[in-house]
2 protein chains.
Amino acid sequence: MISLTNLLNSSNKLDDDVTNKIKASLKQVVVKKGTVLQRSGKMSSNSYFVKKGLLKSYVIDEKGKEHIFTFAPENWLISDIESQSYNSPAVLFIEAIEDSEIEIISKHSLELFKELPQPVIYNELQRLLKRCGTLQRRVLMLMSFSAKERYNEFIKTYPDIVQRVPQRLIASYLGITPQALSTLRKKYK
Amino acid sequence: MISLTNLLNSSNKLDDDVTNKIKASLKQVVVKKGTVLQRSGKMSSNSYFVKKGLLKSYVIDEKGKEHIFTFAPENWLISDIESQSYNSPAVLFIEAIEDSEIEIISKHSLELFKELPQPVIYNELQRLLKRCGTLQRRVLMLMSFSAKERYNEFIKTYPDIVQRVPQRLIASYLGITPQALSTLRKKYK
DNA sequence: GGGGCGCATTCATCTACATTAATAAATTAA
DNA sequence: TTAATTTATTAATGTAGATGAATGCGCCCC
């Protein structure tokens, strides 16, 4: 079974004290499709590692419209980074869009990372850098690409997600309405 | 004088070997307004620490239009994270919009970070997390806010930048045209 | 296996913002 | 100082994508 701690161990063969402490602090949950794991407004938001299934994170704007920030399939970590890094209430909802098995990494678990050996932390730094790189790309795409170009890019980058989620969710991720996505797909063929 | 290495030292009082090696590998440059420090397409892009002045990073789309990704005033680090983390050619241009004093952190300098002591790396991790949080916020704003709301948010968050750069650059950062920003500002009063 | 509900599609209309263009004001250069 | 080049403003027109509403389809569930 793959889990967060496996990933942590990848550059550190020792099952040292800290790693064990972190492992012990993780909560395992099994959730049904539609379960909301976290709501906007909640203080000290968690991270969620997806062992099986599929999650989404999203905001709801003042008109009640949902905007998807990320999808997280197997082996992905999903969280409200803004809330975590600035210690502010969560802005993101996190919800299962398939029946899922999740590892919950609490604020407290995260603080234990401080004690992890240097190589493990350096590894985490590299992973976070990639996450940042992906977000940079996302911002630039939102600013300079048309809806059609963003859709092309999406199906190229996440072909598996395209198969698994209804189109209205992809539209929401792209920042357009389901209707717009539908007409856009028609013009394609 | 503030510099990157000062920041590195913040959690680590020792001037150890690695820190010195990194310090020695940094290049100091003084550039005139308008100088392009880095161009899209270049392999192995650098990071730039702004000691004095103001930089911008941006893409140029296929229609030749410029889209600003970030501004970097004093004490900020600016770089093409996507290119750095994926080892791919730069997509961002980096350019001085005021006469500036810059510390160049080459790819090679960055690799030396691997040897830095754990607390320093952990500190870097925290800083990167904040950067990530800011990017998350940016994505969500681009998806769910109108141009007007994004402008309000910008002047609240970066009042200093508003004073220092021409409006067309702010428009470019917000993802709208200078004309749109102008009319939007008029309706304000 | 029929009733209900979420989802995709299509079409008519609307709107936020882009584009083009012209002019004025401000900044830079010579 | 004047000339040249950016920059900001205003207005007319165009357009990508939003909104609202209607229709049909698949799918779950009793």
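Letters go in sequence order (proteins before strands), and every chain restarts at 1.
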- Query: Per the end-axis method with five pairs at each terminus, what is the bend angle of the helix from C:dG1-D:dC30 to C:dA30-D:dT1, to 10°?
  - Reply: 50°
So which protein N/O to nucleotides 12-17 of chain D N/O distances come out below 3.5 Å?
unit_1 : atom_1 : unit_2 : atom_2 : d
D:dG17 : OP1    : A:A147 : N      : 2.9

- Query: Between A:E74 and A:R164, is there a salt bridge with N-O shorter than 4.0 Å?
  - Reply: yes
Where do N or O atoms of nucleotides 23-30 of chain D meet protein N or O atoms at under 3.5 Å, pair by pair?
none

- Task: With A:K148 as the cation and A:Y151 as the aromatic partner, state whether NZ or CZ is under 6.0 Å from the six-membered ring centre and within 45° of the axis.
- Result: no
- May I have the distance from B:R168 (atom CZ) to D:dT5 (atom C1'), rounded to whole angstrom? 12 Å
- Does A:K63 place a side-chain N or O at less than 4.0 Å from the phosphate oxygens OP1/OP2 of D:dA18? no
- Is the ring centre of A:F69 less than 6.0 Å from the ring centre of A:Y58? no
- Message: How about NZ on B:K52, more than 12 heavy atoms from neighbouring residues, nucleotides or ligands closer than 6.0 Å, or not?
- Response: no
- Do B:E153 and B:R137 sit within salt-bridge range, that is, some charged N less than 4.0 Å from a carboxylate O? yes
Show the distances under 3.5 angstrom between N or O atoms of the protein and N or O atoms of nucleotides 20-22 of chain D.
unit_1 : atom_1 : unit_2 : atom_2 : d
D:dG20 : O6     : A:Q179 : NE2    : 3.4

- Report yes if some heavy atom in the side chain of A:E62 is under 4.5 Å from a heavy atom in the side chain of B:E149; otherwise report no. yes
- Query: Between A:K33 and A:E98, is the closest basic N to carboxylate O distance under 4.0 Å?
  - Reply: no
- Step-by-step side chain to side chain contact (heavy atoms under 4.5 Å, CB included) determination, B:D99 to B:T35: CA-CA 9 Å; B:D99 295 349; B:T35 306; over 6 Å; no
- Query: Does the side chain of B:L142 come within less than 4.5 Å of B:R150's, by heavy atoms?
  - Reply: yes
- Message: side chain to side chain donor-acceptor pair (under 3.5 Å), that's the test. Do B:Q136 and A:D80 meet it? Break it down for me.
- Response: CA-CA 8 Å; B:Q136 173 184 315; A:D80 186 336; 2.9 Å; yes
- Message: Output the rounded distance in Å from CG (B:L142) to P (C:dA16).
- Response: 18 Å
- Task: Using atom CD of B:Q167 as one end and atom P of D:dT6 as the other, report the distance to the nearest whole Å.
- Result: 18 Å
- For residues B:L135 and A:I81, determine if any side-chain heavy atom of one lies less than 4.5 Å from a side-chain heavy atom of the other. no
- Rounded off to whole Å, could you give me the CG-to-P distance for the A:L181 and D:dA18 pair? 10 Å
- Item | Between P of C:dT9 and CD1 of A:I170, the distance in whole Å | 11 Å
- Message: Any non-hydrogen side-chain atom of A:S45 less than 4.5 Å from a side-chain atom of A:Q84?
- Response: yes
- For B:F71, enumerate each residue passing the ring pair (Phe, Tyr, Trp, His ring centres under 6.0 Å) test, keeping only those at least two apart in sequence or located in another chain. B:Y173
- Message: Give the residues of residues 156-166 of chain B touching DNA chain D, defined as any heavy atom closer than 4.0 Å, sorted by residue number.
- Response: B:P166
- Do B:F145 and A:I176 sit in the same hydrophobic cluster, where Ile, Leu, Val, Met, Phe, Trp and Tyr count as joined when their side-chain heavy atoms come under 4.5 Å apart? no
- Query: Just to confirm, is there a sub-4.0 Å distance from OP1 or OP2 of C:dT10 to any side-chain nitrogen or oxygen of A:K186?
  - Reply: yes
- Item | Side-chain donor/acceptor of A:Q118 to backbone N/O of B:L116, under 3.5 Å | yes
- Do B:K56 and B:E66 sit within salt-bridge range, that is, some charged N less than 4.0 Å from a carboxylate O? yes
- Nearest-angstrom distance from the residue atom CG of B:L169 to C1' of D:dT7: 10 Å
